[in-house]
Amino acid sequence: MESLRTHYSIDVTSKEFGKIISVAGWIEDIRNIGSIAFIILRDRKGTLQITALKKQHKEIFDKLVNISRESVISVEGLCQQSDKARNGYEIIPNEVNILSNAETPLPLGVVDKIESELETRLDNRFIDLRKQEIQAIFKIRNEIIAAVHEYLRKEHFIEVHTPNIIASSSEGGTDVFKLKYFEKEAFLAQSPQLYKQMLMSTGLDRVYEIAWYFRAEEHNTRRHLNESTAVDLEMAFIKDEEDVMKILENLVYNMWKRASLCKEELDILNQKVTVPKLPFKRVKYDDVIDNLNKNNCNLQWGADLGSEEEKLLGEIMKKQGHEFYFITKYPIEAKPFYTMPEEEKYSRGFDLACKGVEIASGSQRIHDVDLLINRLNACNLNPKDFESYLKAFRFGMPPHGGFGFGIERFLMNLLDIKNIRECILFPRDRTRLTP
RNA sequence: GCCCUGGUAGUGUAGUGGUCUAUCAUCCGAGCCUGUCGAGCUCGGGACUCGGAUUCAAAUUCCGGCCGGGGCGCCA
């Protein structure tokens, strides 16, 4: 055999009929009818059929029929047109190489008729990922991240990488993972917030990062991970937060558009992606509260929206034709310390929501160091703990703003996936540390 | 952090004090079958999360551990 694989399953065309080709992959199914057997082989692009006849070649027939499912083989044989086989052709094998034998029974069936639970699937993720509908999620994920790079580079953002091991918690509030760093104590970053802001003092002006977020909160829900990814972005010399929102809505637009082009994967997932229209609706926080209170909510001014209120707002906005919308001018007390205040009680912070779920949040940031220290104190944080961050504000810091944007939440929303653990290859949740 | 909930073959389930020697499907194994594609048929295999308590009797009730699922708060 000259090579393990000359063709992928779906790349075989009528040009190959009558020729010797080789294919390789995992044995998905063996249907032994007696004197004839059909072996379904799966590769990256799809499946194909190998047809073995006992009469014609008993040795190869016996070999193929006795391999366990999900073993890896390479087959060389005659490619023959067949209306009865999938893809319109079948391979008549003349050489079979077993590259890897799968143990039996499988901990999880790839094409079994019985659905497994998410836990079983995650415990055996390497097999779970053999399913085309699971792979489709990550192929789409790859595409939308490509769209992020493409769009942001076009807008002159540069991709950066900031530390994940840090000396103090980024923003206070949420729980962080503590770890030993030689003789010191360190933490895992809950976001690149402080670093991307510091980069605004360098003149790089526009940066973004596909960032890891580590959060030690002990929640156990469908929409929380303890390790997640995000698109984090920061830009300098902005007039106000509107400049940031423009980038964000265009980014989201481009991501949806790119996802809508993944026709094959969307078909497999039975999903339709409708590209949103620009610009997204801007709604002031005050109007949101009024609107919700008119609809039988009892919200105090200054309160953050609970998940039920968020959902209700999503329904109200949808009736008005807005699937995506910004909530702007949040009360300063509902936003983190680095958020730029506006007037007495407001801020230049915003959230982007889609279908009643918050998918991104951002703001214009404070660039004045005295104001920043005031806000730290007001939030019961100690400016001393933030000295290396504050230093970047003392020697020339332009006005700036940015946002963070959870990739898994976005995928859930995009593909109507019910559990966030489906959106990341190897999820880390409250109890899961392996695989 | 708080609250609710669950754990039966490899997988997914039925069974809620007593012929349970535990159901069914899938799966695995042996066999039959020349056009399967959820192949079919015959035969066989395989399980009660762990520890303690109650009881004549526990998969089933109670307590605890371990491991899950979900909701709230918080957040992405």
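Numbered from 1 within each chain, the chains take letters A, B, ... in sequence-line order. Just the heavy atoms: all of them, side chains too, but no hydrogens, waters or symmetry mates, feed the values below.
Spacing of P atoms, U61(B) relative to U8(B), comes out at 14 Å, to the nearest Å. Comparing C27(B) with U11(B), their P atoms sit 15 Å apart, to the nearest whole Å. Atom C1' of U13(B) sits at a distance of 22 Å from the matching atom of G17(B), rounded to the whole Å. The C1' atoms of U16(B) and A58(B) are separated by 11 Å, rounded to the nearest whole Å. To the nearest whole angstrom, the two C1' atoms, one in A53(B) and one in U60(B), are 15 Å apart. Nucleotides U23(B) and G10(B) have their P atoms positioned 15 Å apart, rounded to a whole Å. Comparing the C1' positions of C72(B) and U19(B) gives an interatomic distance of 48 Å, to the nearest angstrom. When the C1' atom is used for both G31(B) and C48(B), the distance is 32 Å, rounded to whole Å.
In K131(A), the NZ atom is crowded: over 12 heavy atoms of neighbouring residues, nucleotides or ligands sit closer than 6.0 Å. With a 6.0 Å radius and a threshold of 12 heavy atoms from other residues, nucleotides or ligands, E59(A) has its CD atom at or below the threshold.
Between F177(A) and F214(A), the distance separating the two ring centers is not shorter than 6.0 angstrom.
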For salt bridge (charged side-chain N to carboxylate O under 4.0 Å, His left out), just list the numbers for E209(A) and K196(A), CA-CA rounded to whole Å, side-chain angles, deciding distance to a tenth of an Å, and then say yes or no.
CA-CA 8 Å; E209(A) 178 167 6; K196(A) 63 181 185 166; over 6 Å; no
Could you go through R421(A) and D429(A), starting from their C-alpha distance and side-chain angles, then the distance that decides it, and tell me whether this counts as side chain to side chain contact (heavy atoms under 4.5 Å, CB included)?
CA-CA 8 Å; R421(A) 284 164 260 228; D429(A) 62 27; 2.6 Å; yes
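By the 30° and 60° cut-offs, the orientation of the rings of H219(A) relative to H224(A) is parallel. Ring planes of F386(A) and F337(A): perpendicular class, angle over 60° (limits at 30 and 60°).
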Can you check each nucleotide of nucleotides 5-13 of chain B against protein heavy atoms at under 4.0 Å and return B for base, S for sugar-phosphate only, - for none, in 5' to 3' order?
-----BBSS
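Among the protein residues, I407(A) comes within range of no part of the nucleic acid, since none of its heavy atoms lies under 4.0 Å from any strand. If you check every strand for non-hydrogen atoms under 4.0 Å, Q56(A) touches nothing. Contact annotation for R430(A): no contact, since no heavy-atom pair falls under 4.0 Å across all strands. Residue N419(A) is in sugar-phosphate contact alone, with no base atom involved, counting any heavy-atom pair closer than 4.0 Å across all strands shown. Among the heavy atoms of the strands, none lies under 4.0 Å from K54(A).
When each of G35(B), G1(B), A76(B) is scored by its nearest atom to the side-chain atoms of E218(A), the top-ranked nucleotide is G1(B). For T104(A), counting side-chain heavy atoms from C-beta on, the closest listed nucleotide (G29(B), C74(B), G71(B)) is G29(B). In this structure, the nucleotide among G68(B), A76(B), U34(B) sitting nearest to the side chain of K55(A) is U34(B).
Note: NZ (K418(A)) to C1' (G69(B)) measures 17 Å, nearest angstrom. Taking atom CZ of R432(A) as the reference point, atom P of G68(B) lies 7 Å away to the nearest angstrom. For the pair D232(A) CG and A76(B) C1', the interatomic distance rounds to 10 Å; values are reported in whole Å. Between the C1' atom of U36(B) and the CD1 atom of I50(A) lies a distance of 14 Å, rounded to the nearest Å. For L48(A) and U36(B), the CG to C1' distance is 15 Å, given to the nearest whole Å. In this structure, CD of E217(A) is placed 8 Å from P of C75(B), rounded to the nearest angstrom. To the nearest angstrom, P of A76(B) lies 15 Å from CG of L233(A). Q49(A) places its CD atom 12 Å from the P atom of A39(B), with the value rounded to the nearest Å.
Projected onto RNA chain B by closest heavy-atom contact, S361(A) and D429(A) fall at different nucleotides, the more 5' of which corresponds to D429(A). Along RNA chain B, the nucleotide closest to E119(A) and the one closest to G406(A) are compared, and the more 5′ of them pairs with E119(A).
K246(A) and D243(A) are not joined by a salt bridge, as no carboxylate oxygen comes within less than 4.0 angstrom of a charged side-chain nitrogen. Between D112(A) and R69(A) there is a salt bridge, since a side-chain N of the basic residue sits under 4.0 Å from a carboxylate O of the acidic one. Remark: E185(A) does not engage K180(A) in a salt bridge, criterion side-chain N to carboxylate O under 4.0 Å.
Side chain to side chain, H400(A) and Q197(A) meet the donor-acceptor criterion of an N or O pair below 3.5 Å. Side-chain N/O atoms of D351(A) and Y330(A) include a donor and acceptor closer than 3.5 Å. Inspection of the E90(A) and T51(A) side chains reveals an N or O donor paired with an N or O acceptor under 3.5 Å.
Of the residues L4(A), I39(A), V23(A), the one that meets the side chain to side chain contact (heavy atoms under 4.5 Å, CB included) test with V75(A) is V23(A). Considering R365(A), M198(A), R206(A) in turn, R365(A) is the only one that fulfils the side chain to side chain contact (heavy atoms under 4.5 Å, CB included) rule with E234(A).
Looking at residues 64-82 of chain A, you'll see R69(A), S82(A) sit with a heavy atom under 4.0 Å from some atom of RNA chain B. Of the residues in residues 25-41 of chain A, those with a non-hydrogen atom less than 4.0 angstrom from any atom of RNA chain B are D29(A), R31(A), N32(A), I33(A), G34(A), S35(A), I36(A), F38(A).
A donor-acceptor contact under 3.5 angstrom links the side-chain atoms of R215(A) to the base of A76(B). Between the side chain of H219(A) and the base of C72(B), no donor-acceptor pair under 3.5 Å is found.
Between R222(A) and G71(B) there is a side-chain N or O to OP1 or OP2 distance below 4.0 Å.
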For RNA chain B, the dot-bracket notation using Watson-Crick and G-U wobble pairs below 3.5 Å, [ ] for pseudoknot-type crossings and | for other-strand pairs, is (((((((..(((.....[.....)))((((((.......))))))...(((((..]....))))))))))))....
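The side chain to side chain donor-acceptor pair (under 3.5 Å) test applied to R86(A) returns T47(A), not counting sequence neighbours. Partners of R130(A) by side chain to side chain donor-acceptor pair (under 3.5 Å), not counting sequence neighbours, listed by chain and number: E70(A).
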